[in-house]
Every structure is written in C-alpha cells, then in structure tokens.
Amino acid sequence: MPEGDTVLQTATRLHEALAGQVLTRSDLRVPRFATADLSGRTVLDVTARGKHLLTRIEGGLTLHSHLRMDGAWRVYAPDERWRGGPGHQIRAILANAEHTAVGYRLPVLELLRTSEEDRAVGHLGPDLLGPDWDPGRALDRLLAAPERPLGEALLDQRNLAGIGNVYKCELCFLARVTPWLPVGALPDGALPRLVTLAERLLNANRDRPTRTTTITSELRTPPGPPSPPSATPAPGATAATPAPARAPARPRAPQPVRVQERLYVYGRARRPCLRCGTPIRLADQDDRPTYWCPGCQSGPIP
C-alpha cells in the first residue's frame, strides 16, 4: 500500500530514470490532458511531497500524480516487457532513450504549471520525509481538534504528510491506544512521542524494499511438553531394591521461538498479538480496515 516511504522510493526510481533526459514519448491517458505532448522537453526532477509525486519538466510544467490505494509507477528498459497490469490500466507513459516510465491505475494525474504546484500540495502539513519536517507544527495541527479520533487525525494529510493506513494502525499499537481514542485523551507526553516515532519509522523504511515496523523480532514462548507421570516401582521392586529401569528423562524447558514478523497488527486479524498473544481485531474506521490488539491497546472501540 503506497505511503510516504514507498512514494519516496517511487520518486527516487523515477528521478534516476528520467531526470536530465529528453522525453522521446509522452502519453497521458486522461481526457483532460490526452492531447498534451511533452516530447522534446527535459525532465528536471521528480520529487515526493507526502504521498504526492511531482515530475517537473522543462518549460515550467509539473506532472502531478497520486497513487492512492493501488496506483503504481514502473520503470522499464527499452526492450523489457511491461508487467504492471493490463493495458487499459495505463494512465501515463514517459519515455526517453534509456527508460520508459509507465503509470498504472493512477487516480490523480494532472499537468499544471510548476508555479502553481501549491494548488495540488499546498494544503499538506509538514512532510515526515521532507526538508520541511517540523514536529512542532505537526503537533499543533493534531491538537487543533482534540476531540478527533487519533486514527483519523493521523491520516489527515493536512496535519502531517506521509502516514497511510498501515502506519496509522502500527503507530496506535506502539502508542498502546486504540485508533478511536480522541487525540486530547492521550496520556501526557504521548502525542509528542508518537509524532517523533512516526518520523523515525518512515525514515527507517525509506530505503527498505519491505516495510517493517517491528523494532526487534519479538519472542514468544510456546507451551512446554507435559510433565511425565510419577515413576512407579516395577513388579517385585522395593524401596531397598529399586528396579533397574532407567529413570525418566527430565522434561526440557520451553525454548523461546523467534517470530519473524514485519508488522505488529496490520493485516494480522485473528492472529495472536506478538506481545501478549491476544487475537488481533479488525473493524472499519472511516471506511478503512483498522487493526488493533484489545490486550495491548486501551481506549474506545467500535
């Protein structure tokens, strides 16, 4: 699921493939910009702003795209087969002599003047992975609506930009509160710590191929084997003449099993919590699947 870290990775791949190169082909497959031709123009840079992508092109133009739930940009070599989906899902093609970038299932795609980028991203709060990151501003924006459920507040890109549904669930778990707890009801000091943790997690994943929020591998101890029955004397044996039978082996103590999991709660409905073993629960919050552990997280639930 695209979130701030994976959008940044996409921007990096597109920048490496397109920046400084002259476009030999452009094809924007949305009605409003279907006749736009960017061929012959040089791509200046590709940058991420929260969960938005800005491809800046010579002549003061910016191609703005947003991946939302399942959009994607793929980069291919000239003779490489395109594997991002069927042809009818392609919304954009940008090609130069060495690479072709193909945008699939892009719900937002618009061409605008670079000087007017604020129309697309000016509403965003501080970017968790951007040079404008300001935890104080993010905190102020979150606290501006203390009655709002924490999960909804974290997803609101006007508060801080880059958190999606996966990070929302994971951050609430790490804060030990449910996503339905009002922002103003968090314990003292919890919200500043949560904002700091959000920045740390996204930065830790900015270059990882697979998102990981478990700080270290958790340890769980499985149940040990049952104790053996008490030894009974063999026929004919007495306390003075014990049977020669071998004494039963002492049961081995349960050994910790290292559990390799990338996420604490997201996508783990009905599976045991990595910390307490309670089954993870699932419900909708603002039409988004939301996961939490009723054993570790306190606060209201649906």
Side-chain angles (χ1 to χ4, degrees), residues 1-19 23 26-34 36 38 43-57 60-75 82 84-94 100-133 138 141 151-169 198 202 205-206 211 266 285-289:
M1 180 178 294
E3 305 205 17
D5 51 0
T6 47
V7 173
L8 180 65
Q9 292 173 18
T10 298
T12 300
R13 288 194 298 270
L14 290 173
H15 182 86
E16 292 173 350
L18 300 176
L23 292 174
S26 77
D27 185 359
L28 306 183
R29 299 182 182 180
V30 293
R32 184 178 174 189
F33 303 104
L38 303 174
V43 174
L44 304 178
D45 69 82
V46 183
T47 190
R49 181 73 172 84
K51 296 194 287 182
H52 298 251
L53 285 164
L54 302 171
T55 303
R56 299 184 178 112
I57 301 166
L61 297 175
T62 294
L63 184 64
H64 166 231
S65 59
H66 195 294
L67 306 182
R68 296 235 174 117
M69 296 294 285
D70 60 351
W73 280 94
R74 299 282 186 261
V75 176
W82 297 1
H88 70 267
Q89 294 182 349
I90 295 174
R91 296 293 176 267
I93 301 171
L94 299 175
T100 299
V102 184
Y104 292 90
R105 302 172 299 278
L106 301 176
V108 176
L109 185 69
E110 61 176 341
L111 191 62
L112 47 83
R113 294 190 178 280
T114 303
S115 59
E116 298 176 351
E117 284 180 359
D118 272 359
R119 288 200 297 108
V121 296
H123 66 288
L124 297 176
D127 187 344
L128 284 152
L129 294 176
D132 70 326
W133 171 241
R141 293 189 178 203
E152 293 181 14
L154 291 174
L155 285 181
D156 190 336
Q157 303 300 295
R158 296 170 297 182
N159 292 331
L160 65 174
I163 292 177
N165 204 42
V166 175
Y167 278 116
K168 176 198 81 172
C169 297
L202 266 76
N205 284 288
R206 64 188 297 154
R211 182 180 295 127
Y266 189 87
Q285 182 181 42
D286 198 23
D287 295 327
R288 291 173 181 262

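Heads up: numbering here begins at 1 and tracks the sequence. Bear in mind the structure is a predicted one, so any value in this text is a computation, not a measurement.
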Of all residues at least two apart in sequence or in a different chain, which pass the salt bridge (Lys or Arg N to Asp or Glu O under 4.0 Å) check with [X]?
X	answer
Arg288	none
Arg13	none
Glu117	Arg56
Arg29	Asp27

Minimal non-hydrogen separation, [X] against [Y], with atom names:
X	Y	value
Leu202	Gly162	CD2-O, 3.7 Å
Arg119	Leu112	NH2-CB, 3.6 Å
Tyr167	Asn205	OH-ND2, 3.2 Å
Leu8	Ala48	CA-CB, 4.0 Å
Tyr104	Arg74	CE1-CG, 3.9 Å
Ser26	Ala36	OG-O, 4.0 Å

For residues [X] and [Y], determine if any side-chain heavy atom of one lies less than 4.5 Å from a side-chain heavy atom of the other.
X	Y	result
Asp286	Leu155	no
Asn165	Pro289	yes
Thr114	Leu44	no
Glu3	Arg211	yes
Leu154	Asn159	no
Ile90	Trp82	yes
Leu94	Val43	no

If you look only at pairs with a residue in residues 124-133, which of them pass as a side chain to side chain donor-acceptor pair (under 3.5 Å), with sequence neighbours excluded? Arg49-Asp132
Interatomic spacing from [atom1] in [X] to [atom2] in [Y] - rounded to 0.5 Å:
X	Y	atom1	atom2	answer
Arg206	Leu128	CZ	CG	11.0 Å
Arg113	Leu61	CZ	CG	7.0 Å
Leu38	Ile93	CG	CD1	12.5 Å
Leu63	Leu53	CG	CG	9.5 Å

Under 3.5 Å: donor-acceptor pair, side chain of Gln89, backbone of Gly103: no
Counting N and O atoms only, with roles assigned by atom type, does the side chain of Gln157 sit under 3.5 Å from a partner on the main chain of Gly125, one being a donor and the other an acceptor? no
Please state whether the rings of His52 and His66 are parallel, tilted or perpendicular, taking 30° and 60° as the class boundaries. perpendicular
Any chance you could lay out the side-chain contact (heavy atoms from CB on, under 4.5 Å) test for Thr100 and Val75, step after step, and finish with the verdict? CA-CA 6 Å; Thr100 299; Val75 176; over 6 Å; no
Take Thr6 and Leu67 through the side-chain contact (heavy atoms from CB on, under 4.5 Å) test and state the conclusion after the steps. CA-CA 10 Å; Thr6 47; Leu67 306 182; over 6 Å; no
Mind checking ring pair (Phe, Tyr, Trp, His ring centres under 6.0 Å) for His15 and listing every partner two or more places apart, or none if nothing turns up? none
Step-by-step side-chain contact (heavy atoms from CB on, under 4.5 Å) determination, His64 to Val108: CA-CA 8 Å; His64 166 231; Val108 176; 3.7 Å; yes
For Trp73, the option from Val46, Leu14, Val7 that meets side-chain contact (heavy atoms from CB on, under 4.5 Å): Leu14
